[in-house]
Amino acid sequence: GSAAQNWSAGAGGSLVNVAFLVFFVRQLDMGTFAYGLVTVIGGFGAIFGAVCVPFLFERIGYGPSLLVALAFSTNAYFLLPLYTGPDTAVFWACAAGLFLGYAGSAAGSVIAVTVRQKVTPPELHARMNATYRLMNFGTIPIGAALAGVLVDGIGARTTLWLAPIVLLASVIPVANRTIWRLRQL
């Protein structure tokens with residue numbers, strides 16, 4: 001389960017990033033300045049998500065916090081290919097999608113690291129983190145290459161519809177009763 005989760009999270013993130021760039025700049029012709037601005041808004045979402053983690057831990061516990069973060073870090077990306085029409089509406093829908101998606105992703109990362117550090121003996125932290133990072137970050141170039149092939153073959157918008165589905169596959173291994181009941185460590 002963990003290998004599949006890491007693969008789908010890393011590859012799914014690459015699918016979003018590559019397809020969104022092509023879709024937003026080339027297909028929607030929103031321009032590079034608007035792309036930079038919308039990604040900065042997404043960056044603020046990442047900061048917001050990371051800052052919210054202690055609040056989530058206190059209110060709902062570790063496991064439910066992770067599931068909330070995963071819900072945002074997957075489903076928010078459905079906003080990216082959703083709208084066409086006035087540039088302003090598309091810009092703000094994409095900004096909201098990146099803000100919420102990056103918020104969930106950052107919160108999920110903080111939560112996952114916290115849980116891994118708490119359940120792993122200190123003498124194994126380095127090995128555990130190295131293994132996790134290899135499995136997760138090692139899939140990023142694979143996902144980026146796959147995104148390039150998909151964008152070229154089926155289009156950026158269709159790839160953007162598929163990317164959150166790939167990300168949702170990362171939720172399946174952890175969306176169980178054990179996680180729902182994990183309040184404190």
Side-chain angles (χ1 to χ4, degrees), residues 1-18 20 36-80 82 92-140 143-144 160 163-185:
S2 184
Q5 177 191 9
N6 285 313
W7 189 90
S8 60
S14 290
L15 285 173
V16 169
N17 291 333
V18 171
F20 179 67
L37 193 55
V38 85
T39 57
V40 166
I41 292 169
F44 285 125
I47 294 166
F48 176 77
V51 169
C52 286
V53 170
F55 174 81
L56 288 172
F57 281 169
E58 184 180 307
R59 296 282 189 258
I60 60 175
Y62 288 88
S65 294
L66 180 60
L67 294 173
V68 166
L70 290 173
F72 279 100
S73 69
T74 55
N75 294 312
Y77 296 120
F78 283 116
L79 288 172
L80 300 179
L82 187 61
W92 287 112
C94 291
L98 288 185
F99 183 91
L100 295 171
Y102 289 5
S105 181
S109 293
V110 170
I111 295 163
V113 167
T114 301
V115 170
R116 284 195 313 270
Q117 295 287 341
K118 285 186 171 271
V119 300
T120 303
E123 63 273 10
L124 297 177
H125 281 182
R127 273 188 242 164
M128 177 268 302
N129 280 320
T131 302
Y132 173 80
R133 291 171 85 73
L134 174 66
M135 290 171 58
N136 189 275
F137 296 154
T139 63
I140 291 172
L160 276 175
I165 295 168
V166 172
L167 288 168
L168 282 168
S170 71
V171 176
I172 293 168
V174 296
N176 58 49
R177 288 185 184 162
T178 304
I179 293 296
W180 278 111
R181 287 186 248 155
L182 183 62
R183 302 289 180 204
Q184 297 296 320
L185 294 174

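Predicted model, so just to flag it, every value in this text is computed and none were measured.
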Chemist: Output all residues satisfying side-chain contact (heavy atoms from CB on, under 4.5 Å) with Val53, sequence neighbours left out; order by chain, then residue number.
Modeler: Phe57, Ala107, Val110, Ile111
Chemist: Who passes ring-ring contact (aromatic ring centres under 6.0 Å, His included) against Phe55, sequence neighbours left out?
Modeler: none
Chemist: Of all residues at least two apart in sequence or in a different chain, which pass the ring-ring contact (aromatic ring centres under 6.0 Å, His included) check with Tyr102?
Modeler: none
Chemist: Atom CD1 in Ile165, atom OG1 in Thr74: separation rounded to 0.5 Å?
Modeler: 11.0 Å
Chemist: So that I know where these two stand, are Tyr132 and Phe137 an aromatic pair - ring centroids less than 6.0 Å apart?
Modeler: no
Chemist: Can you list everything that forms a side-chain contact (heavy atoms from CB on, under 4.5 Å) with Ser14? Sequence neighbours excluded, please.
Modeler: Ile140, Ala144
Chemist: Please, which pairs that meet ring pair (Phe, Tyr, Trp, His ring centres under 6.0 Å) have at least one residue in residues 108-131, sequence neighbours excluded?
Modeler: none
Chemist: Measuring from atom CZ of Phe20 to atom CG of Leu98, what distance do you get when rounded to the nearest 0.5 angstrom?
Modeler: 4.5 Å
Chemist: Can you tell me how far the CG atom of Asn75 sits from the CG atom of Leu100, to the nearest 0.5 Å?
Modeler: 10.5 Å
Chemist: Using modelled atom types only, decide if a donor and an acceptor are shared between the side chain of Ser105 and the backbone of Gly101 within a distance under 3.5 Å.
Modeler: no
Chemist: Which donor-acceptor pairs under 3.5 Å do the side chains of residues 64-73 make with protein atoms, sequence neighbours left out?
Modeler:
unit_1	atom_1	unit_2	atom_2	d
Ser65	OG	Leu56	O	3.2
Ser65	OG	Gly61	O	2.5
Ser73	OG	Ala69	O	3.2
Ser73	OG	Leu70	O	3.3

Chemist: Using every non-hydrogen atom in the two residues, find where Ala106 and Ala50 come nearest and quote the distance to one decimal.
Modeler: CB-N, 4.1 Å
Chemist: Measuring only between side-chain heavy atoms, which start at C-beta, is Leu167 closer than 4.5 Å to Tyr77?
Modeler: yes
Chemist: Can you sort out the partners of Ile47 under side-chain contact (heavy atoms from CB on, under 4.5 Å), two or more places apart, ordered by chain and number?
Modeler: Phe44, Val51
Chemist: Could you tell me the separation between the CG atom of Leu124 and the CG atom of Asn129, rounded to the nearest 0.5 Å?
Modeler: 11.0 Å
Chemist: Find the distance between CD (Glu123) and CE (Met128) and round it off to the nearest 0.5 Å.
Modeler: 11.0 Å
Chemist: Between Thr120 (side chain only) and Gln117 (backbone N and O only), is there a donor and an acceptor less than 3.5 Å apart?
Modeler: no
Chemist: A side-chain contact here means heavy atoms from C-beta on lying under 4.5 Å apart; do Phe99 and Phe48 qualify?
Modeler: yes
